Each structure stands twice: as C-alpha cells, then as structure tokens.
Amino acid sequence: MNAIKSISEFRRLLSLPAPRHPLVSVINLSQSIFLDDEVWKGFVNRFYCVTMKREARGKIRYGQQPVLQA
C-alpha cells in the first residue's frame, strides 16, 4: 500500500500548486490533473482528510468494513 505523507505531496500528485498553509487545503478535484503515478492503484493518507463527493460510484471502505457500495 502506498502512502501519501503530506498535503503538499497530495497537491503535487494532483498537479496543483503548493498549499498556502501546510496543514489546511481545499481542493476541487474537477480542476485537478492526476499525475500518472503508482500511488493511485491503492493508497492511504497520512493526514486527516474530510471529503464531500457527489454521485459516488464504487466501494468505499473504512478499515476492514464496507461503508458504501453504489
């Protein structure tokens, strides 16, 4: 499993500029370009993340338990 260690690294993988603050960032994924990187095949965040997603498709898991299957 690949690990994204910081908000700065996450923004770099999305082709976004460095964050203004190292601990807080708001990202609109529709405006992002995902770099072709092995990390997207499976990853964990090493930072706290809150997401809002419209029309989610697929499986979402928290730990070993399925949370949502659309």
Side-chain angles (χ1 to χ4, degrees):
M1 183 72 58
N2 298 301
I4 300 174
K5 298 176 184 84
S6 68
I7 292 172
S8 295
E9 181 181 0
F10 187 61
R11 290 181 64 94
R12 182 187 58 76
L13 289 166
L14 295 173
S15 301
L16 295 171
R20 292 185 204 174
H21 190 282
L23 300 177
V24 179
S25 184
V26 177
I27 297 171
N28 184 343
L29 290 177
S30 68
Q31 299 170 351
S32 303
I33 299 169
F34 289 80
L35 293 180
D36 187 21
D37 196 296
E38 288 290 315
V39 73
W40 300 122
K41 291 184 179 180
F43 67 93
V44 294
N45 291 333
R46 298 289 185 208
F47 54 88
Y48 189 75
C49 180
V50 176
T51 62
M52 293 187 293
K53 197 170 193 178
R54 289 186 218 140
E55 301 174 24
R57 302 261 185 243
K59 297 177 184 177
I60 298 174
R61 297 174 62 97
Y62 181 79
Q64 299 296 318
Q65 303 299 316
V67 177
L68 173 69
Q69 185 169 357

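Model, not experiment: these values are computed from the prediction.
Closest approach of Ile7 and Pro19 over heavy atoms only: CG2-CG, 4.2 Å. Taking all atoms of both residues into account, the shortest heavy-atom contact from Arg12 to Leu35 is O-CD1, 3.3 Å. Closest approach of Lys5 and Arg46 over heavy atoms only: CA-CB, 3.9 Å.
Atoms CZ and OG, from Phe10 and Ser25 in turn, are 8.5 Å apart once rounded to the nearest 0.5 Å. We find the CG-CD1 distance between Leu14 and Ile33 to be 10.0 Å, quoted to the nearest 0.5 Å. Rounding to the nearest 0.5 angstrom, the gap separating the OG atom in Ser8 from the CG atom in Leu13 is 11.0 Å.
Under a hydrophobic clustering in which Ile, Leu, Val, Met, Phe, Trp and Tyr are joined whenever their side-chain heavy atoms come within less than 4.5 Å, directly or via other members, Ile27 and Val24 fall into different clusters.
When atom types are taken as modelled, the side chain of Asn2 and the backbone of Lys41 share no donor-acceptor pair closer than 3.5 angstrom.
Looking at heavy atoms from C-beta onward, Ile4 lies in side-chain contact with Phe47 at the 4.5 angstrom threshold.
Ring-plane geometry between Trp40 and Phe34 is classed as perpendicular, the angle between the planes exceeding 60 degrees on a 0 to 90 degree scale with a lower cut at 30.
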